[in-house]
Asks: 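There's a structure below that I have some questions on.
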Amino acid sequence: MPNPLHRAGFHKPNDIVADMRRFYDDASARIEYVSSGLASQGPDPFGMNLEQLRKTAIAAAFFYRYYFRCEVTGTENIPEGPVLLVANHAGQIPVDAVMITLALLLETTPPRLCRSLVDRWVHRLPFISKWYARVGIAIGTPENAKRLLQLGAAILTFPEGMAGVQKNIFEAYRLKPFGSGFVRLAMSQNIPIVPVSVVGSEEQYPTLAHWRHGMHLWEMPPFPLWAHMGVPLLGILPLPVKYRIHFAEARCFAGDPDDDDDVMNRHADDTKRCIRQGIASLLQQRKNAFF
Amino acid sequence: MSPRAKDNAVVAICGAAGHFGRLLVRRLHRSQPVVAIDDRPFWQRPADVAHRQSELKSRHTRNLFRRGGIHTVIYIGGCSQFVLGDGEQFSFAIENFARLLEYCDRYNVSRLLVLSAGDVYGARPGNSQFLSENAPLLAPEFSAFRDIDIMAQTFLWKRPDIQTLVLRPAHIAGAIRSAFVRYLHLSPVPMLLGYDPMVQLIHEEDLVDAILLALQSGRRGVYNVAGAGCLPLSQLVQMLGKTAIQVPHVLAKPALRHMNKLRILEFHPAYVDYLRYVCMVDDAGIRADLGYRPKRSLTESVDAIQLWGASHSGWGMP
């Protein structure tokens with residue numbers, strides 16, 4: 001099993017290169033560990049390609065460490081076996097999903113691969129739909145979630161859905177209503193839910209408004225208009241905000257998965273409250289969005 | 001089915017003269033009397049198999065049923081009907097099948113097995129990776145097999161005393177003329193730029209096993225059936241040693257529409273969706289209820305497609 005990820009700080013220019021080299025070695029070993037475990041299970045029914053996953057994870061790991069400088073707490077709260085990770089969603093593009101996935105891959109012992117569930121319209125997009133499938137992301141249907149959980153996977157879901165990811169900067173850290181599907185899923189499969197609070201994603205694309213006209217013709221959601229989009233070349237990159245992720249204590253909801261919406265909504269609100277508390281705590285710790 | 005106990009119980013196979021029909025006839029005729037019903041000539045027919053060369057709705061076929069003795073009917077016409085885009089052909093298939101149901105209803109048929117297709121669920125962006133038997137049938141409207149499937153299900157509830165089974169197989173791998181196999185034998189194989197859905201195959205021999213198993217089980221209902229594993233379409237094309245040509249999906253449908261009109265290629269434009277979105281079946285039901293297990297590997301299924309041979313490759317009309 002790989003050692004815990006190298007986390008030495010660096011102060012001199014030479015240290016940066018050495019640090020990056022060590023980070024690459026550590027991250028590669030962890031990804032290799034996960035890949036070999038998955039390879040032993042045979043071909044993935046969702047079309048995940050381990051080689052493509054490895055390349056993507058290595059590239060994203062550098063963003064995780066050196067661009068977004070992700071800080072993770074509470075990994076000890078993630079139980080072994082199938083688990084449902086429920087997080088707040090923001091930032092126009094799902095960088096938060098990538099960061100949470102990498103947190104499980106790089107910060108937990110043993111490293112784990114987390115499978116994300118995405119909205120149905122994503123499969124209409126050329127290239128993206130193909131790439132998502134190759135790196136292990138699946139369409140967010142209850143059947144897919146059940147199948148993944150039966151394979152023993154950790155699943156990441158965002159109950160705010162598209163409403164969450166499309167928030168503009170004026171609504172930052174105000175959570176949208178949670179759907180209750182994840183509670184029913186966890187109850188039916190008898191698996192724990194881990195609330196995940198993410199801070200940083202709201203400011204990566206400080207969005208002022210959305211362009212809605214004509215987007216339906218392309219079967220696309222409204223297009224975000226973010227503050228730095230006019231900057232040549234760099235305008236398409238998210239801002240180098242500092243990501244903070246906290247995994248709260250796992251909770252199990254007992255009961256009938258076919259119970260009334262009121263009961264399910266109570267459990268969903270309970271999870272939402274826990275995520276909100278986590279966000280408030282993380283916001284207190286930071287000086288600003290970048291540090 | 002215990003073959004010796006029902007020696008006189010005749011099995012009628014509708015669509016027996018095709019490749020898959022012949023395969024089924026060869027497996028059945030040694031244990032049971034078999035009648036092949038097909039308006040096509042039946043080459044290499046076993047000597048003990050009677051062949052009624054007529055349409056299902058003709059009086060000759062009705063007379064065959066009227067005389068009695070037909071215990072089991074297997075309808076395998078549905079597995080290659082995706083290519084039917086023409087309105088006349090469509091209504092022809094539906095009318096024939098409706099008449100077959102009428103014969104089963106009136107002339108003491110005890111068992112009816114309808115071979116539908118996994119494509120009946122339709123390829124849609126919101127599809128789950130594996131679709132269970134309860135998923136809605138959202139195949140395009142022109143596809144005759146969807147209507148045939150629905151008619152068979154209606155019959156299943158209308159006549160609870162008849163053992164009616166509907167099998168929905170994944171893409172059949174073999175020397176058959178199904179739309180998918182014909183698509184794979186185009187050269188180069190057109191794929192949609194930026195899309196690469198997962199596909200499922202079932203070896204033709206595995207499907208014959210599943211049909212026999214379903215008939216023997218005494219159960220009624222609807223079952224998906226698939227082979228071992230699944231793979232991305234691009235990998236399948238690669239394994240077949242074919243070259244793929246990438247076509248933007250916005251151009252694919254209009255291009256196919258025009259090629260269809262000019263009779264260059266006989267594929268309905270809606271087939272493009274099956275090259276864009278996933279449409280795979282969940283065969284947990286047949287595995288749990290009937291104990292079905294595919295015996296052939298994915299590689300053997302791919303090899304079975306190659307058997308169709310280079311002689312059928314090209315962009316001309318099949």
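Letters A, B, ... mirror the listed sequences (proteins, then strands); counts begin at 1.
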Asks: May I ask you to list the residues in residues 44-62 of chain A that approach chain B closer than 4.5 angstrom, counting heavy atoms only, ordered by number?
Replies: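 Counting heavy atoms that sit under 4.5 Å from chain B, the residues of residues 44-62 of chain A involved are D44(A), P45(A), F46(A), G47(A).
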Asks: One thing to verify: whether D196(B) and R134(A) come together as a salt bridge, which I'm taking to mean a side-chain N less than 4.0 angstrom from a carboxylate O.
Replies: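 Salt bridge flag = yes for D196(B) with R134(A).
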Asks: Please confirm whether Y205(A) and W226(A) have ring centers closer than 6.0 angstrom.
Replies: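 For Y205(A) and W226(A), the ring centres are under 6.0 Å apart.
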Asks: Among D260(A), D261(A), D259(A), which one satisfies salt bridge (Lys or Arg N to Asp or Glu O under 4.0 Å) with R184(A)?
Replies: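 Going through D260(A), D261(A), D259(A) one by one, the salt bridge (Lys or Arg N to Asp or Glu O under 4.0 Å) with R184(A) is satisfied by D261(A) alone.
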Asks: Could you tell me the separation between the CZ atom of R115(A) and the CG atom of L151(A), rounded to the nearest 0.5 Å?
Replies: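 With rounding to 0.5 Å, CZ (R115(A)) is 7.5 Å from CG (L151(A)).
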Asks: Using a strict threshold of under 4.0 Å (side-chain N to carboxylate O), is an ion pair present between K253(B) and D273(B)?
Replies: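 Answer for the salt bridge query: yes.
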Asks: What I want to find out is whether D209(B) reaches K295(B) closely enough, with some N-O distance under 4.0 Å, to be called a salt bridge.
Replies: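 Looking at D209(B) and K295(B), the cut-off is met.
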Asks: Look at P248(B), P125(B), P197(B) and state which one has the largest set of heavy-atom pairs under 4.5 Å with chain A.
Replies: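 With the most close heavy-atom pairs to chain A, the winner is P125(B).
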